[in-house]
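Right, one structure below, let's go through it.
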Protein chains: 8
Amino acid sequence: VTVSPDVAVLDHDRAARTGTPEVVLGEWKTATQIAELLAALAARGRGAMATRVDGDKAAIVCAAVPGATYHADARVVTVAATGPAATLPRAGRIAIVAAGTSDLPVLLEAEVVARQLGVEVLRVVDVGVAGIHRLSARLAELRAVDCVIVIAGMEGALPSVVAGLIDRPLIAVPTSVGYGVGLGGLVALAAMLSSCAPGVTVVNIDNGFGAAVAAARIARELSAARQVGGGA
Amino acid sequence: VTVSPDVAVLDHDRAARTGTPEVVLGEWKTATQIAELLAALAARGRGAMATRVDGDKAAIVCAAVPGATYHADARVVTVAATGPAATLPRAGRIAIVAAGTSDLPVLLEAEVVARQLGVEVLRVVDVGVAGIHRLSARLAELRAVDCVIVIAGMEGALPSVVAGLIDRPLIAVPTSVGYGVGLGGLVALAAMLSSCAPGVTVVNIDNGFGAAVAAARIARELSAARQVGGGA
Amino acid sequence: VTVSPDVAVLDHDRAARTGTPEVVLGEWKTATQIAELLAALAARGRGAMATRVDGDKAAIVCAAVPGATYHADARVVTVAATGPAATLPRAGRIAIVAAGTSDLPVLLEAEVVARQLGVEVLRVVDVGVAGIHRLSARLAELRAVDCVIVIAGMEGALPSVVAGLIDRPLIAVPTSVGYGVGLGGLVALAAMLSSCAPGVTVVNIDNGFGAAVAAARIARELSAARQVGGGA
Amino acid sequence: VTVSPDVAVLDHDRAARTGTPEVVLGEWKTATQIAELLAALAARGRGAMATRVDGDKAAIVCAAVPGATYHADARVVTVAATGPAATLPRAGRIAIVAAGTSDLPVLLEAEVVARQLGVEVLRVVDVGVAGIHRLSARLAELRAVDCVIVIAGMEGALPSVVAGLIDRPLIAVPTSVGYGVGLGGLVALAAMLSSCAPGVTVVNIDNGFGAAVAAARIARELSAARQVGGGA
Amino acid sequence: VTVSPDVAVLDHDRAARTGTPEVVLGEWKTATQIAELLAALAARGRGAMATRVDGDKAAIVCAAVPGATYHADARVVTVAATGPAATLPRAGRIAIVAAGTSDLPVLLEAEVVARQLGVEVLRVVDVGVAGIHRLSARLAELRAVDCVIVIAGMEGALPSVVAGLIDRPLIAVPTSVGYGVGLGGLVALAAMLSSCAPGVTVVNIDNGFGAAVAAARIARELSAARQVGGGA
Amino acid sequence: VTVSPDVAVLDHDRAARTGTPEVVLGEWKTATQIAELLAALAARGRGAMATRVDGDKAAIVCAAVPGATYHADARVVTVAATGPAATLPRAGRIAIVAAGTSDLPVLLEAEVVARQLGVEVLRVVDVGVAGIHRLSARLAELRAVDCVIVIAGMEGALPSVVAGLIDRPLIAVPTSVGYGVGLGGLVALAAMLSSCAPGVTVVNIDNGFGAAVAAARIARELSAARQVGGGA
Amino acid sequence: VTVSPDVAVLDHDRAARTGTPEVVLGEWKTATQIAELLAALAARGRGAMATRVDGDKAAIVCAAVPGATYHADARVVTVAATGPAATLPRAGRIAIVAAGTSDLPVLLEAEVVARQLGVEVLRVVDVGVAGIHRLSARLAELRAVDCVIVIAGMEGALPSVVAGLIDRPLIAVPTSVGYGVGLGGLVALAAMLSSCAPGVTVVNIDNGFGAAVAAARIARELSAARQVGGGA
Amino acid sequence: VTVSPDVAVLDHDRAARTGTPEVVLGEWKTATQIAELLAALAARGRGAMATRVDGDKAAIVCAAVPGATYHADARVVTVAATGPAATLPRAGRIAIVAAGTSDLPVLLEAEVVARQLGVEVLRVVDVGVAGIHRLSARLAELRAVDCVIVIAGMEGALPSVVAGLIDRPLIAVPTSVGYGVGLGGLVALAAMLSSCAPGVTVVNIDNGFGAAVAAARIARELSAARQVGGGA
């Protein structure tokens, strides 16, 4: 499995440096490029994945890469780890909260990525601010995880409300669900950055992947700290 | 009291046509222009007001116009009605809700204007979404008025939350309180327009005046309908 | 009729809290999701509706949900109330005014929604400011309703003109009809928010639904006040 | 009167090529630069002017340039023509219409410039769309001029209404009068460009100068055509 | 030929008021709506037209409206005048200048509209600023018309250069030809509004129609003034 | 120490709910309001702070609130904890990295806030991407902390580079340092959100406060996990 | 081979004036127009090219123009020079660096154009800032060329890093690779313009063509200077 | 002369790596910081400079740093080289062209910087496109330099025109001279990036410094190539 240096240069040491292996961003690549990169990354036995892969490309990729699975609603292709890496236990647990049913595709991208990175996931859906009592019913669960991802489109108000109610690290993900002045998600993004509740950090619009990587990094550190103990 | 037709043409029939008399927008006018217009409008005995008047202009205006009062924090100059118009009872009652202490100047503009238009006002301050329990304590009061104005800066989330909890007509006012990506109030404005709670209507940034006029129109109609009764 | 809690959490109490039952926003949902939600909401006998449903999805929804009707030009699916709720009288009356023929789809969304909410509707079309006499001919009718919705695209000037001529509560709806600098409706929206005629409140671009909910809330209150009478 | 070629290169032939002599834009120039350029341009006896000159600079300029007059509200410095050019008759007549008192500074810039260019001016003020009857009273006058300039801030609706009522060439000037979403005049500008009334042409925000030059060009051509006659 | 008042209200007096008859903007209307409106407008014998009509709609319109002709590259449908109006002579002459071959569709819209309005047209193509000598070769022709329309995309520099070389009334039309930062034509529009050459007036992006109406208004006035003569 | 409910409603339980006590945002409040709020918050003995306080207000606040200290370069006023809360040990350690000397004010706000919240801070300054070797020299130190805050203005590239080199949770803060197209910090903000290095989370422009709160939340959790040990 | 003057005016002297012959921008032209222009330009024997030509148009163009070759991934059609011009040696050498595999289409446009202009090209791919060591391995090669083009999407950080490490003239090209806030390439563009590394110049988004022309101009001058020698 | 590592880390090797020594950007630094950095950089005898230094800061800096000179109109402080570096000959020659007198401050920044970097400068002022003949008179001079910088505000058209007339490498600098829609220079910037004349490269608004560094890099290479000769 080789990749032409005129097309790409794989960064095999990224996991060692940053804790997360290189992941293929599929959107502007051809199916052939995705397949080659995925196969090369997976060759080391630690698994691999590609995000933002539409159905047509995924069919080609899955046919070409042994062990590849397509998560259609999340638009992610994963290749499971093999050998010793395949039997590692889950390290840490996060919650992924979505304001509405329309935000499900972003939630699913985050969920698939987080699980591939070895993190356990709690899913909480349709608890938007127009019916705030639905959120209240789930607060105890949210207070029990290592990190919370909150996903919302439209006016993007949910992260502010959640951040005022729990003490977990919180990562907000705006989605492109919205129309008129909110078309494309910029309003939700800007609202989350302007949150009156301190401590909210934000990733790009629809970037479930990035939120999952950041949350996994926190969960992994907490998991490791609990293993060691006695410090600080 | 006359005004040169090369400078302004007063619209004395506006109250008859629209229910609200002409009001002087002071921001881009000289103190002399404001004083002339205010005096001419007040000459009919039904009162008059000018908004967005800074302190320096207000001193000149109040010295020139008999009966003028300056509400400094609201930046509004009012002239009380005289004669029969001075003894009319209050018609209707609204609530004005502000998310934070920083939003007080806009709340005060709305409050002064609404009272000048003959409406009773309930003030509710500092019930922003970062501490949502503070709002819960005031819901019963909000459910008892004719119309609710909700004022917020930053991410502008409060109107969505309120609109999901009460059944009153609701007018949202974004404020220019915010920095970075929220500088100037466009984020709060856009978030309110993108609200996932249906039925929220919105006015321009910092436009406490416009919200008060719209709310007063609804309160006056409801008050009149209650007087008449038996219809629909 | 059940909905998986991993997909949506219905808010059956919303009508009690806010006066308006939960409505399904169809744009980012699958036909299956829309159908499940609509059926669950309609199961209580008070009717239900879904907005922003294109023709392909509507065919699937109408096949799956008993009693569903598709209003193609308005892109709305409604399910009529049954039992006692089906025979309630109309409560209040609004006018919906559109500047041009191109704004008809937004007018129709507002009209279908308002009627589903129990409000009587007067339709006034093609009275834009380029031929202002066409509006003059309809003023008496507009002065006789509980609330006026004014819809316009392009430069969005019509609400300002109407608000200077009548004393009814007025809700402006910008449409995405426009090209070049006006593409997408932001110019009409901003113009309406900047109106020199006080008391204009505004909803998001193409949001006929939101305007109808807000107008129905006002009309319902006025209708109730007229029933009771003698108050304030 | 000489100007260093390292600072400016005067375009003395511009009047011959384009019908309008070079005019000094004062805003980003020092008082000394303005005075030197104005004196050099005036030396030919056909007059000269500088726009966007604040009071401090104007005092220096008027002290340095013989025959210079400062029009403070318009922020324009003019030097009258001398010799034969001083006794030329007015060529053509335009109207300058402003929506509100706040738009007067832009109206005055256009008026001073048009008169300096030899055009007669009719002034019409405070006929904004919130009281449309004030415009109706002036229509006959507007129909009698060679060209109409319409100035408005806020939502910029007036040019659309005027263009639907008269058949004169019409140039719209947006002003920076506005706040919130309309701050700086971009909304008025965009609204005028999006006008549903065909034939409206637009200049930059607050550009009374440019509108006057364009209107004078049309008025001068019409005046000349009337002198010649019998053509087409 | 009748049109339902629930769909449109024709403005048959517009030509009398403004000099230009009502024109159908086809983009957001159905083919049926366009055909009905066009037929009703043409019924008076003075011709009619619809702009922004794509090929599919045009086929339906031309089949339904007697005498309708589709100008495909201009996307305009015209119906010729009949009876006395059909034999009126041309009134005035304009030039339409386009910077590049890519701007041809906008030029053609302007050309078809101007001819339908009775104006003679000179076409000048591909004289953009990257090869300024091509423009120099055509200047004498441009100096001989009543009004010049200058069309350009990309950086929109051509109107500034032309306005510095001729003394005709000049209307600039930005086009949506451009990519990256210039995508959609906003850069060309803003550049034309910021022109350092005074007297340039501007219409909306791709608005060849509006420019033609404005130019025809000037040409018609000049033509009439030449007929009358002896005035001013 | 009491605060009028017409001005503010303190949220004394916020620390219990979210781990961080309420902090006063000073920018849009009067000195009197800041002093009253700060005194009331500090009355419980756990310390208090106000951010975005300019020098003039700070002088008034410090004179009115016992134990208040002004950190001028950071524009923060702090009141130290008293009693048992004053002797708690530091919990966790973060690094704060700034790309250039111009970013120091934002770094200092973050540093003062983090220390007030009980976190140890490592400061790394002037390691921007134009001289990337300066960063390399500090990597070992960055790999040893609980969380890294990276602050940059201009093109905002530093967080991407750092995130590709270390495995710590990373929070990026854009600053308003920049001119021309980068004026106000939006470019740095957008660049950080668009980072090609996954796992970067972002806060609002110049929001050193928010970054410190988020980082302290992570550091506190890690510190607590290390105390407990043996888990996950 | 002739082109109608109503469609285009070829600028055969452009190579003599500017060193680069006219090139056809294919995006808004029809296949017929492209073919006619290309054939006319190629008729002089010095070669010709058209950029931004999609596959469908290219098939028509290549069938109509003798000697035309389509470079599909670069979307460029070239016609080789004939006669003496065909045997000229390469003049100068540039490097084209792309941050990621997704930026390859822009790199290829630049590469094809540069080679057609007679310049030798070194290609360096996938050396983005998330794995900065990949760039370090190529620095010696970059220091040996006449000019470096650096292409990047997303946050556009690569040009800043490269400019801090080498002393070659450097031209940055932002690409439209990005999503959410970075959609369309404006963020990468603005980041490159805001670079903290001095001496970076920038071209429009995806403008590989323009970068190649600018780089070729520098390489050609350097090549010529080396031929002559002994100067300065 | 030492600088605290908590404030800045000097990059003394930058000249060796990139050909240009580190330069102090003064705008967001205190006078004390500027003086310390300048003194430390100048200590090696090769000269130093700080840009964007206002008059108040400059007075402090010049008092503190031996040999410092303030160029007030350019807002640059320079320290001349000493010892052998002081007698190096000029290497290469560039032209700096400004469209208008208002653009002089940016021209002067570029001129002072280029001279400090050892390059000879030709100044060409006030040759804007409204009087294009003024440019024609200077073309021969422009064709004789190594590189041309073209500076313009407003619509930013001059670089396109110049690039169509000469074959030198060309760097365009937009200025913030402009008002209304052109306020702040974004229109000039975008227009230059959208230039229809290929080969124009662009720097940030008002960035005379960056343009001078890029031009000096090209001039230095050409000068060196001429010294060596015989190559390619």
Side-chain angles (χ1 to χ4, degrees), chain E residues 55 72-75 95-112 121-139 141-142 151-156 158 174-188 191 205-206 208, chain G residues 3-18 20-30 32-38 40 50-52 75 106 109 153 156 173-178 183-190 192-193 202-211 213:
Chain E
D73 291 338
R75 298 202 305 151
I96 311 183
V97 182
T101 305
S102 303
D103 302 314
L104 272 175
V106 178
L107 179 148
L108 291 170
E109 184 187 78
E111 191 176 287
V112 169
V121 175
L122 167 73
R123 189 197 296 187
V124 178
V125 176
D126 204 13
V127 293
V129 298
I132 207 74
H133 60 287
R134 298 175 297 188
L135 174 65
S136 306
R138 310 296 297 269
L139 285 177
E141 292 171 89
L142 296 182
I151 300 168
M154 314 289 281
E155 80 270 59
L158 190 58
T175 71
S176 52
V177 169
Y179 63 91
V181 77
L183 183 71
L186 283 176
V187 170
I205 299 162
D206 291 338
Chain G
V3 177
S4 157
D6 258 13
V7 169
V9 179
L10 286 177
D11 186 4
H12 284 297
D13 293 330
R14 191 171 293 179
R17 287 199 319 275
T18 73
T20 313
E22 187 168 3
V23 173
V24 181
L25 176 56
E27 188 152 3
W28 299 273
K29 297 193 179 71
T30 63
T32 306
Q33 290 172 338
I34 297 170
E36 281 182 18
L37 292 168
L38 206 57
T51 61
R52 293 183 167 251
R75 297 203 306 151
V106 178
E109 185 188 76
V173 189
T175 71
S176 52
V177 169
L183 183 70
L186 282 176
V187 170
L189 170 65
M192 291 172 181
L193 288 164
V202 186
V203 297
N204 201 356
I205 299 162
D206 292 337
N207 190 6
F209 164 68
V213 170

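Convention: sequence-line order gives letters A, B, ...; per-chain numbering from 1.
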Test salt bridge (charged side-chain N to carboxylate O under 4.0 Å, His left out) applied to E:Asp126 - qualifying residues, sequence neighbours left out
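Once residues adjacent in sequence are excluded, the partners of E:Asp126 under the salt bridge (charged side-chain N to carboxylate O under 4.0 Å, His left out) criterion are E:Arg134.
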List in chain and number order the residues that pass salt bridge (charged side-chain N to carboxylate O under 4.0 Å, His left out) with E:Arg138, two or more places apart in sequence or in another chain; answer none if no residue qualifies.
E:Glu141
Against chain G, label E:Ala130 side chain, backbone, both or neither, depending on which of its atoms sit under 4.5 Å from a heavy atom there.
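It is both, since atoms from each part get that close.
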Side chains of G:Trp28 and E:Leu104: does their closest heavy-atom pair fall under 4.5 Å?
no
Using side-chain heavy atoms (C-beta onward) and a distance below 4.5 Å, is E:Met154 in contact with G:Leu25?
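They are in contact (side-chain heavy atoms under 4.5 Å apart), so the answer is yes.
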Between E:Leu183, E:Val127, E:Val181, who has the most heavy-atom pairs with chain G when the cutoff is under 4.5 Å?
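Most heavy-atom pairs within the cutoff with chain G belong to E:Val181.
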To the nearest 0.5 angstrom, please state how far the CD atom of G:Gln33 sits from the OG atom of E:Ser102.
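If we round to the nearest 0.5 Å, G:Gln33:CD and E:Ser102:OG are 7.5 Å apart.
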Which region of [X], side chain (C-beta onward) or backbone (N, CA, C, O), has a non-hydrogen atom less than 4.5 Å from a non-hydrogen atom of chain E, or is it both or neither?
X: G:Asp13; result: neither
X: G:Asn204; result: side chain
X: G:Pro5; result: backbone

Closest approach of G:Ala8 and E:Thr101, non-hydrogen atoms and distance?
CB-OG1, 3.3 Å
For E:Asp73, does the CG atom have more than 12 heavy-atom neighbours from other residues, nucleotides or ligands under 6.0 Å away?
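No.
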